[in-house]
Amino acid sequence: MNIPKTYNPQDFEKDIYKFWEDNHYFAAKPNPDKKPYTIVIPPPNITGQLHMGHALNHTLQDILVRYKRMQGYETLWLPGTDHASIATEVKIVEAMAKEGLTKEQVGREEFLRRAWDWKNRYGGRIVTQMKKLGDSCDWSREAFTMDDNLSHAVRKVFVNLYDKGLIYQGDRIINWCPHCKTALSDAEVEYQEQASFLWHIRYPLADGTGSITVATTRPETMLGDTAVAVHPDDPRYKDMIGKELILPLVNKRIPVVADEYVEKDFGSGAVKITPAHDPNDYEVGKRHNLPVIRVMNDVGTMNDVVPAYQGLDRFEARKKIEEDLKAGGYLVEKEPYTHNVGTCYRCHSTGETIISRQWFVKMKPLAEPAIKAVKSKETRFVPDRFSKIYFNWMNNIKDWCISRQLWWGHRIPAYYCEECGHTVVSEDEPKTCPKCGCTHFRQDEDVLDTWFSSALWPFSTLGWPNKTADLDYFYPNSVLVTAYDIIFFWVARMIFSGIEHMGKTPFPDVLIHGIVRDELGRKMSKSLGNGVDPLEIIDRYGADSLRFSLANGIAPGSDTRFMPEKIESCRNFINKIWNASRFVLMNAEGVEIKPIDEVKKTPADKWILSRLNRVSREVCKNLDRYEIGIAASKMYDFVWSEFCDWYIELAKRVLYSDDAKAKQDTVSVLVYVLDMTLRLLHPYIPFVTECIYRDLPGAKETIMLQAYPQPVRKFAYGKEAKAFEGVMEIISAIRNVRAEVGVAPSKRINVMLVTSPEHQKTIAKCHAYIEKLAGAASVNYVDKDNLPSKVSSKVTSVAEVYLPLGELVDIDKEIARLKGEMDKLDKEIARSQGMLNNPGFVARAPQAVVDGEKAKLAANLDKKNKLQERIDSLK
RNA sequence: GGAAGCAUAGCUCAGCUGGUAGAGCGCUACCCUUACAAGGUAGAUGUCACAGGUUCGAGCCCUGUUGUUUCCACCA
């Protein structure tokens with residue numbers, strides 16, 4: 001045996017991963033003899049580093065994938081990365097800024113060259129990090145959203161949707177990030193509460209008969225006001241409707257319009273209308289035919305509409321306008337006010353809503369079948385409550401703004417005729433204009449939203465739009481695993497894209513997990529600096545410990561905290577497995593292992609085999625239901641409390657004897673149970689299980705491809721296992737009394753039992769266990785009338801246990817101890833009687849429950865009698 | 001404004017279709033017993049937030065209350 005004494009994951013994890021990879025164990029290809037199991041990875045950004053969120057997400061996927069692979073599925077876990085349009089572009093721009101260069105200076109071509117260069121250099125970082133975690137992805141299929149075939153899929157989809165009238169270009173109010181200088185979709189805006197002010201500004205009536213005061217949080221946009229709106233029924237303003245106001249600072253006449261949109265009770269009940277810079281105002285403007293005047297340009301500075309403020313940053317302009325309003329006597333009040341401000345989800349700077357010409361996807365027709373798919377459970381969210389969130393979003397969906405004023409990404413396949421301006425949308429640059437016949441075209445400058453390409457990920461990575469064998473075999477995917485924070489960005493869009501382009505929802509199940517928070521329950525973030533680096537944890541504790549701690553005891557959909565103690569306890573658990581394995585392998589040295597069927601089994605053997613059956617059955621059941629955390633806890637308990645604490649200790653009786661035959665049998669059982677246990681655990685802790693598996697007698701080349709344990713009918717041993725648990729109960733009882741009375745652990749004592757003939761038959765076979773585990777010198781069966789005077793006792797369900805402890809037994813203490821037991825017993829009996837005396841319970845509860853309760857009561861009454869006899873005899 | 005989640009042992013969390021409350025860490029006592037002190041044995045600790053309801057029976061189902069977190073909307 002060559003396993004070192006302490007578990008040291010750094011010694012082998014790297015080599016084992018390389019071994020798996022070199023042997024192509026992760027590779028999948030269509031195989032008609034097997035059922036497919038497919039997961040596509042949520043592609044991490046090329047700018048990203050592996051964080052705890054990935055670690056959790058990948059651990060869950062790898063558990064499912066390794067489990068299914070061992071169950072004999074043709075299992076594909078398809079990896080890849082996302083080009084992350086904005087995030088990457090920002091990085092490149094920043095890098096160029098250090099050289100004193102701007103995008104505009106180097107031009108599109110050079111910029112893209114630099115971006116690709118960056119991608120080639122750093123885009124693979126996260127992939128090497130994923131390998132450290134143990135991800136069993138088919139790396140030969142690694143995809144990138146800007147690969148040729150994936151880009152082809154993007155163009156194809158764009159053209160398809162355009163031809164169907166589902167993509168259009170138009171002037172709309174959109175979200176704009178002045179820092180990233182691009183349009184954003186609604187989903188990309190994050191609202192933050194900010195303390196600001198509500199400015200009350202007086203707009204005089206043109207006829208000099210008075211004024212209207214409006215309240216605004218955005219005084220700088222007043223330069224673009226084209227009306228003031230009041231509620232039609234507001235008596236304060238009724239007479240002013242239709243009159244004109246003088247817009248302060250601009251000295252322009254604007255009308256007072258009546259619109260139901262205005263809330264009478266808010267502010268002054270009058271709203272300034274700036275159609276170019278507010279979505280609601282835009283709608284009001286449309287209803288009243290108001291002009292749309294943009295006063296700000298793309299970088300967030302004031303434009304030339306009002307020369308006095310031209311070039312000023314929006315926040316500078318705000319100050320100056322405030323001063324000017326004050327000076328002109330227009331500022332009535334500046335009231336502190338907290339409100340929500342939209343910010344860019346990438347750079348977090350304050351966004352603008354502006355009117356702009358952009359490309360949109362018409363969502364209603366796409367959303368409808370996508371809603372139906374989830375309603376009909378064709379796609380199921382786990383846990384189910386996330387379907388509500390999905391419905392809520394899908395039902396209220398607005399058109400999706402997909403154009404971005406960036407260079408890094410999929411350039412929009414729209415071409416404008418240089419002669420007549422006609423728009424041609426096609427996968428490749430058109431040769432001639434269908435309208436004027438000329439041959440010069442200019443391609444749209446913009447690129448597509450990153451999520452436009454990731455929406456196609458479940459099929460674009462399998463070769464679509466080509467009809468490939470992969471697509472045929474691996475689509476739909478089996479399950480999608482992701483955190484709840486990208487349900488809108490990604491999951492929803494994959495669902496409608498899959499339905500639209502493949503005719504089938506992309507996956508039957510969506511497993512949603514939570515996010516990993518820090519020790520205090522806060523979200524991990526760069527700005528807080530509270531992120532825990534999974535790579536550091538792996539270096540210190542090993543990938544297996546990290547994986548197990550992320551998977552153990554979690555519930556789908558709920559957040560987890562990263563607790564250092566939890567990692568340690570998982571490391572300890574693996575260390576336990578490590579040492580148990582060492583024990584088994586040490587004892588297996590030089591022993592010829594028998595096939596499990598040929599082993600002559602002891603009661604303990606039968607017990608552990610039946611427990612193994614049980615844990616195998618339950619783990620599979622839990623995994624099939626995505627109850628990954630529950631399955632982990634069950635394995636933990638099996639390994640520690642049953643296999644190590646009991647079976648290995650029981651086995652020592654034989655192993656340390658001279659009976660070579662019995663030893664061979666016991667070792668064979670140990671090896672078998674260890675083998676199955678390692679297989680059970682392999683999906684969770686792949687490295688250490690592979691490492692130990694290699695040393696197992698009769699091991700194949702890898703544990704990865706061995707069959708996942710299933711319950712074996714002939715190892716059920718229901719009755720025998722139960723009987724053996726009676727023996728275990730006796731052992732516990734003796735230990736318990738010893739500890740309570742204070743018998744030195746090294747002192748061996750004679751045990752006397754009072755029991756029935758049937759129980760004695762079972763127990764008699766197990767004396768050696770009692771001697772070994774309970775420190776018994778001997779086990780004898782006695783008549784109750786012939787007990788020594790000083791004994792301590794305990795009643796179990798199969799026997800009364802008497803320990804002659806001589807001077808150690810203090811009669812008064814012993815009586816007190818027994819009375820303590822009696823109290824507990826009485827409570828139990830009262831509870832059972834309460835239930836059974838209830839006619840409703842007996843009449844309506846299932847028969848099995850009633851019978852069970854009756855049996856319990858009978859057993860407890862019997863126990864009570866014996867206990868009472870004992871107390872009486874001591875008195 | 002709308003919706004959802006959470007509230008269980010000192011701490012962090014499990015708890016499947018309702019059927020006697022669980023784990024890890026921590027705590028107490030004892031133990032270097034030839035796999036493991038990253039360990040062993042034994043133990044203590046809970047009006048399962050509160051109030052009602054359904055049920056023979058509720059941590060679990062229903063209603064309401066309180067506290068807390070999150071998502072969506074964004075009335076200037």
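Throughout, a chain's letter reflects where its sequence line sits, starting with A, and its residues are numbered from 1. Basis for what follows: all heavy atoms, side chains included, without hydrogens, waters or symmetry-related copies.
In this structure, B:rC61 forms a base pair with B:rG53, meeting either the Watson-Crick or the G-U wobble geometry with both donor-acceptor distances under 3.5 Å. Base pairing analysis places B:rA7 opposite B:rU66; the two distances defining the Watson-Crick or G-U wobble pair are each below 3.5 Å.
For A:Glu740 against B:rA29, a side-chain-to-base donor-acceptor contact under 3.5 Å is absent. For A:Asn340 against B:rC74, a side-chain N or O and a base N or O form a donor-acceptor pair under 3.5 Å. Interface remark: the A:Arg735 side chain does not form any donor-acceptor pair with the B:rA42 base, using a distance-only criterion of under 3.5 Å.
A distance of about 15 Å separates the P atoms of B:rC62 and B:rU54, rounded to the whole Å. Comparing the C1' positions of B:rG67 and B:rA51 gives an interatomic distance of 15 Å, to the nearest angstrom. Using C1' as the reference atom, B:rG53 and B:rC60 are 15 Å apart when rounded to the nearest Å. Rounded to the nearest Å, the gap between the C1' atom of B:rA21 and that of B:rU47 is 13 Å. Taking atom C1' on both nucleotides, B:rC13 is separated from B:rC30 by 30 Å, rounded to a whole Å.
Checking B:rC31, B:rA4, B:rA42 against the side-chain heavy atoms of A:Arg385 singles out B:rA4 as nearest.
What separates CG of A:Asn572 from C1' of B:rG24 is a distance of 10 Å, to the nearest Å. One atom, CD1 of A:Ile389, and another, P of B:rG2, lie 18 Å apart when rounded to the nearest Å. Counting to the nearest Å, the C1' atom of B:rC71 and the OH atom of A:Tyr191 are 14 Å from each other.
In this structure, A:Trp393 and A:Ile397 have side chains that are in contact, with non-hydrogen atoms separated by less than 4.5 Å.
Using a cutoff of 4.0 Å between basic side-chain nitrogens and carboxylate oxygens, A:Glu853 and A:Arg831 are scored as salt-bridged. Taking the charged nitrogens against the carboxylate oxygens, A:Arg517 and A:Asp559 do have a contact shorter than 4.0 Å, which makes a salt bridge.
With rounding to the nearest 0.5 angstrom, the CD atom of A:Glu352 is 10.5 Å from the CD1 atom of A:Ile174.
Between A:Glu649 and A:Glu828, the residue whose closest nucleotide on RNA chain B is further toward the 5' end is A:Glu828.
The phosphate of B:rU20 has neither OP1 nor OP2 within less than 4.0 Å of any side-chain N or O from A:Lys827.
Checked against A:Val673 for a side chain to side chain contact (heavy atoms under 4.5 Å, CB included), the options A:Leu670, A:Asp675, A:Thr677, A:Val671 give a single hit: A:Thr677.
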